[in-house]
2 protein chains.
Amino acid sequence: MYIAIEKNEVDSLELFAGLLPEQLEEVVAAAAGRRYHPGDVVFEQGQSAAHFFVLVRGRLRVTQVTSEGEQIVVRMVNPGDLFGIARALARHDYPGTATAVSDSCALCWPMRLWTEFMGRYPALAMHAMQAMGVRISEAHQRVRELSTEEVERRVAHAVLRLANQAGTKERDGLRIDFPISKQDIAELTGTTLHTVSRILTAWAGAGLVESGRQKLLVRDPHGLVMLADGLRPGLL
Amino acid sequence: MYIAIEKNEVDSLELFAGLLPEQLEEVVAAAAGRRYHPGDVVFEQGQSAAHFFVLVRGRLRVTQVTSEGEQIVVRMVNPGDLFGIARALARHDYPGTATAVSDSCALCWPMRLWTEFMGRYPALAMHAMQAMGVRISEAHQRVRELSTEEVERRVAHAVLRLANQAGTKERDGLRIDFPISKQDIAELTGTTLHTVSRILTAWAGAGLVESGRQKLLVRDPHGLVMLADGLRPGLL
DNA sequence: CGGATTGTTGAGGATACTCAAGTTAGGTGG
DNA sequence: CCACCTAACTTGAGTATCCTCAACAATCCG
């Protein structure tokens with residue numbers, strides 16, 4: 001079952017660094033805590049953006065559906081991340097759908113407090129801006145990969161990022177700590193689940209990963225890095 | 001020749017909306033004006049990020065070179081745009097190279113003023129955040145296109161965006177108002193100049209565009225929109 | 001146990017890339 | 001002002017990557 005959101009879990013969020021205790025108090029007091037089970041939808045693409053959020057625990061997947069019905073994964077949301085900040089993106093609706101993939105806890109504020117907090121607490125605004133900057137960089141990195149790299153390298157990059165963000169050490173490698181399907185990886189990398197399946201099967205044969213139904217274990221991160229960098233492993 | 005940057009050109013920048021006259025005065029007084037000819041480099045990828053900028057007039061192209069030496073166009077910078085805000089991206093070096101493609105004028109501040117201004121003037125911080133939000137949206141749109149659309153549609157989208165941002169009305173269409181090569185369009189869309197050339201030749205045959213050496217005229221924006229939306233023109 | 005979701009694998013083919021050769025346009029210098 | 005040179009572009013041929021279609025297998029859940 002869920003455990004309550006702990007005060008220190010919230011207080012230690014990087015987003016809130018630089019706030020005075022009483023300011024932090026005020027900001028947190030204005031938030032509602034919310035819990036989500038895997039599969040729960042936090043908000044849906046196109047909905048009027050009534051709230052913005054910080055993920056305290058767990059993991060979310062943000063997706064977009066194109067007008068043709070094709071879906072892409074925009075990003076994974078990790079603990080400490082701001083999400084649903086449509087107002088900051090100069091929008092009144094959510095551009096994507098956020099779905100929990102693990103048991104998750106989030107803090108949630110009415111959107112009108114966004115402008116208010118950002119105006120009142122420069123430290124908060126700076127942190128929010130940093131967070132947006134990171135997202136710009138990540139998006140550009142993805143554009144670069146999609147523009148210049150072949151599928152296998154893109155998948156390698158994506159898997160390495162997942163391992164970095166959500167990898168827990170196990171005896172024989174790094175386990176992605178939430179259920180992730182081949183389709184998810186395909187939607188992260190702009191390919192099809194078929195191609196992902198073939199690639200992961202090949203990698204498993206080479207001892208780089210182990211993958212099962214919504215499971216992924218990275219056995220040889222260094223080998224994957226070589227692949228991601230465009231070097232065939234074993235050619236050294 | 002260049003004409004000087006006019007006061008009203010600066011004062012009317014959206015970025016500065018909401019500042020009191022004396023605040024605007026202070027911010028602008030801290031800036032240096034700079035001018036660039038086509039081909040001039042404003043800053044280079046990897047350089048320590050000493051300044052941030054606002055483009056007042058003209059047009060820039062921001063590019064990145066991958067470790068393999070492939071280049072992509074990150075974005076075009078249009079009048080009124082912030083650029084070179086590495087600090088906001090949580091970096092100390094410029095992630096790309098900015099090159100003038102038209103005669104351009106920019107305002108330029110030492111980077112340390114970024115944090116200072118953002119802390120001191122919430123209205124400025126909000127506008128900067130909006131601008132970053134727009135860039136996140138644009139980057140995601142590009143990821144979506146690269147992930148789900150075929151080359152011809154991506155090129156159509158890119159050309160339409162260029163026409164929107166830099167199109168001047170002419171008798172028989174919208175002229176892209178700066179020199180743009182097939183290679184540029186290829187680097188905007190993740191393809192090769194060969195493919196772009198073939199596509200534009202086909203489009204010219206269909207009366208959609210006219211294109212020459214670093215020239216591009218959109219004759220039938222609506223037809224391009226149909227292409228971009230995945231409909232074959234003429235199949236209606 | 002049965003149904004549904006997820007994943008595997010093969011065959012065939014299309015899109016778009018690479019390689020290659022040549023053409024055009026524009027700028028430069030004599 | 002013309003000849004030349006380079007950068008930009010065009011076009012063709014061949015092919016590799018990766019997608020689509022299809023059938024089937026494995027896993028999970030109720």
In whole Å, what is the span from the [atom1] atom of [X] to the [atom2] atom of [N]?
| X | N | atom1 | atom2 | answer |
| --- | --- | --- | --- | --- |
| B:L193 | C:dA20 | CG | C1' | 13 Å |
| A:L146 | C:dA16 | CG | P | 14 Å |
| B:Q183 | C:dC17 | CD | P | 12 Å |
| A:E68 | D:dC19 | CD | C1' | 16 Å |
| A:D184 | C:dG7 | CG | C1' | 13 Å |
| B:I185 | C:dA16 | CD1 | C1' | 17 Å |
| B:K182 | C:dT23 | NZ | P | 19 Å |
| A:W203 | C:dT8 | CH2 | P | 13 Å |

Electrostatic pair [X]:[Y] at N-O distance under 4.0 angstrom:
| X | Y | value |
| --- | --- | --- |
| B:E145 | B:R161 | yes |
| B:E9 | B:R57 | yes |
| A:D177 | A:R59 | yes |
| B:R153 | A:E68 | yes |

Let's see if you can work this out: which of [options] has an atom nearest to the side-chain heavy atoms of [X]?
| X | options | result |
| --- | --- | --- |
| A:T192 | D:dC9, C:dC17, D:dT20 | D:dT20 |
| B:E150 | C:dT8, C:dA16, D:dC9 | C:dA16 |
| A:Q214 | C:dT6, D:dC9, C:dT8 | C:dT6 |

Is any side-chain heavy atom of [X] closer than 4.5 Å to a side-chain heavy atom of [Y]?
| X | Y | answer |
| --- | --- | --- |
| B:I176 | B:L217 | no |
| A:F178 | A:Q214 | no |
| A:V42 | A:T99 | no |

Original post:
Which of residues 171-181 of chain A have a heavy atom under 4.0 Å from DNA chain C?
Top reply: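 Going residue by residue through residues 171-181 of chain A, the ones with a heavy atom under 4.0 Å of DNA chain C turn out to be A:S181.
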
**OP:** Assess the pair B:F43 and B:F53: is the distance between their ring centroids shorter than 6.0 Å?
**Re:**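 Distance test on ring centres: under 6.0 Å, yes.
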
Original post:
Should we count CD of A:Q47 as having more than 12 external heavy atoms under 6.0 Å?
Top reply: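 Enclosed.
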
Original post:
Do B:Q64 and A:H140 have side-chain N/O donor and acceptor atoms under 3.5 Å apart?
Top reply: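 Judged by distance alone, the side chains do not pair up.
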
Subject >> Letter per nucleotide, 5' to 3', of nucleotides 22-30 of chain D [B base touched, S only sugar-phosphate touched, - untouched; heavy atoms, 4.0 Å] >> reply: B---BBS--

Strictly below 4.0 Å: does [X] bring a side-chain N or O up to OP1 or OP2 of [N]?
| X | N | value |
| --- | --- | --- |
| B:S197 | D:dT11 | no |
| B:T191 | C:dC17 | yes |
| A:T195 | D:dC19 | yes |

Subject >> Rounded (10°) bend between the five-pair end axes of the helix from C:dC1-D:dG30 to C:dG30-D:dC1 >> reply: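 Rounded value for the end-axis angle: 50°.
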
**OP:** Report the C-alpha distance between B:E170 and B:R175 in whole Å, list the side-chain angles of each, state the deciding distance to 0.1 Å, and finish with yes or no for salt bridge (charged side-chain N to carboxylate O under 4.0 Å, His left out).
**Re:** CA-CA 6 Å; B:E170 286 195 3; B:R175 162 83 50 200; 3.0 Å; yes

Subject >> For B:A86 against B:D93, the heavy-atom pair lying closest together >> reply: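 Here B:A86 and B:D93 meet closest at CB-O, 3.6 Å.
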
